[in-house]
Structures are given as C-alpha cells and as structure tokens.
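First up is the structure itself, then whatever we jot down about it.
Since the structure is predicted, the reported quantities are computational estimates derived from the model, not experimental observations.
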Amino acid sequence: MPETFDQTTFDRYAELYEEAAHWPYRKDLELPALEACLGDITRLKILDFGCGPGFYSRLLKTKGAADVTGYDISEGMLNYARRREEKEQSGITYTSSLEASHKAEFDIVLAIYVFPYAPDAPTLFSMCQAMFDVLKPGGRLITQPIHPQFHPDAEYYRPYGFRLIEQQPRRDGSKVQLHICHPPYDERIDAYYWSQDTLNETLTRSGFKDIAWRPLHIPSRITRKQEINFLLPYARQPHAALIECKKGDSPPID
C-alpha cells in the first residue's frame with residue numbers, strides 16, 4: 001500500500017475487522033466465492049496485501065499455502081496479527097514494507113478491500129503497480145473492491161451490519177462512507193468509489209491481463225429457506241466485487 005495512505009485510520013479497528021470476517025454475508029457468500037477463485041493453493045507463495053488483522057493470511061495457511069506474507073502499513077493491524085502469530089505459530093510473516101527482495105516473488109497477491117481506500121487515481125495506479133511488481137510472471141491478483149453497482153439505498157445493507165452512504169453523483173473517486181452498525185459497533189470509515197471501467201483500465205495499464213469479475217452464488221450447502229431469504233438480497237446486489245486477473249508480459253504503462 002502506498003506510503004501516502006493514512007494508516008492511522010485503521011490502527012484501532014483490528015478486532016472489529018477480525019470479527020466482521022465472520023458475519024453471515026462474509027462467511028456464507030464472500031468466503032466461498034473467494035475460496036473457489038483461489039483453487040488449489042498448495043505449494044504456492046501468497047502475499048496478503050493490506051492484510052489487516054491477518055484473518056485472510058491465516059485462512060490461506062489453513063488452505064495449504066506453502067508460504068504466506070501479510071503486508072500492511074497499519075501498525076495497529078500488524079500488532080494484532082503478530083500477537084496472533086506468536087500464539088498460534090502458523091508460520092506467517094508480517095511486514096510493513098515491500099522490499100526489492102519481494103519483486104516477482106509471489107504466485108498470488110490477495111488484496112481484500114484495498115482499492116476502496118485509494119482516494120485518487122494516482123494512488124489506485126500505485127497500488128496496482130505494487131501488486132504487479134511482487135507477482136511472478138503469470139501470477140494472479142485476486143481483489144475485492146467496492147462493487148460499482150452497489151445498491152444506492154444506504155439502508156439496503158443494514159441487515160448485514162453496515163450501511164453505505166455515498167456522495168452524489170456517483171463518480172470515480174467520490175467518497176463512500178462505510179457505517180458499521182452491527183451492535184456493539186457504531187463506526188464510520190471513509191472509502192472511495194471506482195467504476196468498473198476505471199478499475200479495468202487501471203489494472204490493464206498496470207500490466208494485468210485476463211481480467212474477470214467473479215459472481216456471487218449462495219452455496220448449495222445452505223438449504224434452509226430462512227438463511228436463503230436472508231442472503232439473497234445481498235447476493236443479488238453485493239457491496240463488494242471479486243476480481244481475478246493475471247500478471248501480463250508487458251510492464252506497467254506510466
């Protein structure tokens with residue numbers, strides 16, 4: 001993540017982000033979609049870019065990744081992740097900087113909810129360049145931005161523990177306030193909207209190819225009507241998208 005990003009925004013949110021990963025729309029919709037996209041990750045080296053409290057880093061390890069590095073510039077998030085690692089000894093490395101030694105090192109870069117915190121186009125491009133640089137040739141980037149077609153009614157997502165309050169008109173770089181209203185939490189975090197065209201163009205300009213937007217599906221294991229009815233509105237119009245792409249042969253275009 002670029003050094004211009006304000007890491008202090010997230011230093012105090014580690015436990016909240018850890019808990020939110022277990023909320024129903026995350027564990028029953030987002031996680032199954034992500035795991036299907038990841039596929040078999042045994043023997044792979046993966047960078048969790050913007051790892052936060054390390055939830056996804058630990059998930060990658062449990063799914064068989066050979067080597068996992070969590071990267072974040074929020075010391076509060078990293079302190080939480082490192083305390084968990086000291087206790088659990090999962091073999092995950094956490095770092096607050098990407099060095100020259102990381103260049104072309106990873107098979108996959110996972111970047112969950114990273115692009116929404118790029119406040120302008122240069123920062124978004126810088127993020128993509130950093131991800132491109134650390135991937136091996138042909139390596140994959142899997143990322144979750146705010147879905148460009150998220151529901152405009154701020155109350156639509158309240159049943160899932162949050163609201164999205166957007167600045168009108170909706171345009172690239174416009175502010176979207178994430179209001180986490182899942183008791184006991186009542187927190188507001190600023191994020192930023194990026195259109196599908198801009199995300200695709202920025203990824204392409206950064207050197208990525210084969211860009212695919214993956215859909216959400218309610219897993220077949222969920223059969224109770226009450227659970228399906230609860231998840232269906234989110235699945236139809238999620239607030240986050242899932243993008244997969246590959247590192248191309250051409251370097252980024254400045």
Hey, could you give me the [atom1]/[atom2] distance between [X] and [Y], rounded to the nearest 0.5 Å?
{"X": "Leu16", "Y": "Ile189", "atom1": "CG", "atom2": "CD1", "answer": "6.0 Å"}
{"X": "Leu203", "Y": "Lys209", "atom1": "CG", "atom2": "NZ", "answer": "14.5 Å"}
{"X": "Lys61", "Y": "Glu85", "atom1": "NZ", "atom2": "CD", "answer": "8.5 Å"}
{"X": "Leu47", "Y": "Ser57", "atom1": "CG", "atom2": "OG", "answer": "8.5 Å"}
{"X": "Phe106", "Y": "Leu141", "atom1": "CZ", "atom2": "CG", "answer": "13.5 Å"}
{"X": "Leu110", "Y": "Ile46", "atom1": "CG", "atom2": "CD1", "answer": "7.5 Å"}

Looking at side-chain heavy atoms only, is the closest gap between [X] and [Y] below 4.5 Å?
{"X": "Asp133", "Y": "Leu98", "answer": "no"}
{"X": "Gln196", "Y": "Asn200", "answer": "yes"}
{"X": "Asp48", "Y": "Thr69", "answer": "no"}
{"X": "Glu75", "Y": "Ser96", "answer": "yes"}
{"X": "Thr143", "Y": "Phe49", "answer": "no"}
{"X": "Leu124", "Y": "Leu199", "answer": "yes"}
{"X": "Tyr13", "Y": "Met77", "answer": "yes"}
{"X": "Phe208", "Y": "Ile243", "answer": "no"}

If you group Ile, Leu, Val, Met, Phe, Trp and Tyr by side-chain heavy-atom gaps below 4.5 Å, do [X] and [Y] land in one group?
{"X": "Ile228", "Y": "Leu216", "result": "yes"}
{"X": "Tyr71", "Y": "Tyr80", "result": "no"}
{"X": "Ile165", "Y": "Leu178", "result": "no"}

Who are the salt bridge (charged side-chain N to carboxylate O under 4.0 Å, His left out) partners of Glu19, not counting sequence neighbours?
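Residues passing salt bridge (charged side-chain N to carboxylate O under 4.0 Å, His left out) with Glu19: none at all.
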Ignoring hydrogens and geometry, is there a side-chain-to-backbone donor-acceptor pair from [X] to [Y] under 3.5 Å?
{"X": "Arg140", "Y": "Cys37", "value": "yes"}
{"X": "Ser206", "Y": "Thr202", "value": "yes"}
{"X": "Glu244", "Y": "Ile211", "value": "no"}
{"X": "Asp72", "Y": "Cys51", "value": "yes"}
{"X": "Arg170", "Y": "Pro148", "value": "yes"}
{"X": "Tyr156", "Y": "Pro233", "value": "yes"}
{"X": "Gln167", "Y": "Ser174", "value": "no"}
{"X": "Lys45", "Y": "Asp107", "value": "no"}

Only one of Glu30, His151, Gln149, His147 passes side-chain contact (heavy atoms from CB on, under 4.5 Å) with Pro238, and that residue is His147
For a quick check under 3.5 Å, do Thr42 and Asp40 share a side-chain donor-acceptor pair by atom type?
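Note: Thr42 and Asp40 side chains meet the donor-acceptor criterion.
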Can you give me the closest heavy-atom contact between [X] and [Y], atom names plus distance?
{"X": "Phe115", "Y": "Pro145", "value": "CB-CB, 4.2 Å"}
{"X": "Tyr117", "Y": "Ala191", "value": "CE2-CB, 3.8 Å"}
{"X": "Gln144", "Y": "Pro116", "value": "O-CD, 4.1 Å"}
{"X": "Pro24", "Y": "Phe230", "value": "CB-CE2, 3.9 Å"}
{"X": "Gly52", "Y": "Ala81", "value": "O-CB, 4.1 Å"}
{"X": "Ala235", "Y": "Ile218", "value": "CB-CG1, 4.2 Å"}

Is the gap between the ring centers of Tyr25 and Phe162 under 6.0 Å?
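So the answer is yes for these two rings.
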Ring centroid separation for His239 and Tyr113, is it under 6.0 angstrom?
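When the ring centroids of His239 and Tyr113 are compared, they turn out to be within the sub-6.0 Å range.
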Checking Tyr56 against Val68 for the side-chain contact (heavy atoms from CB on, under 4.5 Å) test, could you report, in this order, the C-alpha distance in whole Å, the side-chain angles of both residues, the deciding distance, and whether it holds?
CA-CA 10 Å; Tyr56 289 97; Val68 176; over 6 Å; no
With sequence neighbours excluded, what pairs up with Pro219 under the side-chain contact (heavy atoms from CB on, under 4.5 Å) test?
Leu29, Pro32, Arg221, Ile222
Check Tyr234, Trp23, Phe150 against Tyr160 for a ring-ring contact (aromatic ring centres under 6.0 Å, His included) and give me the one that passes.
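Only one of Tyr234, Trp23, Phe150 forms a ring-ring contact (aromatic ring centres under 6.0 Å, His included) with Tyr160, namely Tyr234.
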Using side-chain hydrogen bond (donor to acceptor under 3.5 Å, both in side chains) as the criterion, list what pairs up with Glu155, not counting sequence neighbours.
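Checked Glu155 against side-chain hydrogen bond (donor to acceptor under 3.5 Å, both in side chains); matches are Arg158, Arg163.
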Would the number of heavy atoms belonging to other residues, nucleotides or ligands and lying under 6.0 Å from [atom1] of [X] be above 12?
{"X": "Lys27", "atom1": "NZ", "result": "yes"}
{"X": "Lys246", "atom1": "NZ", "result": "no"}
{"X": "Gln226", "atom1": "CD", "result": "no"}

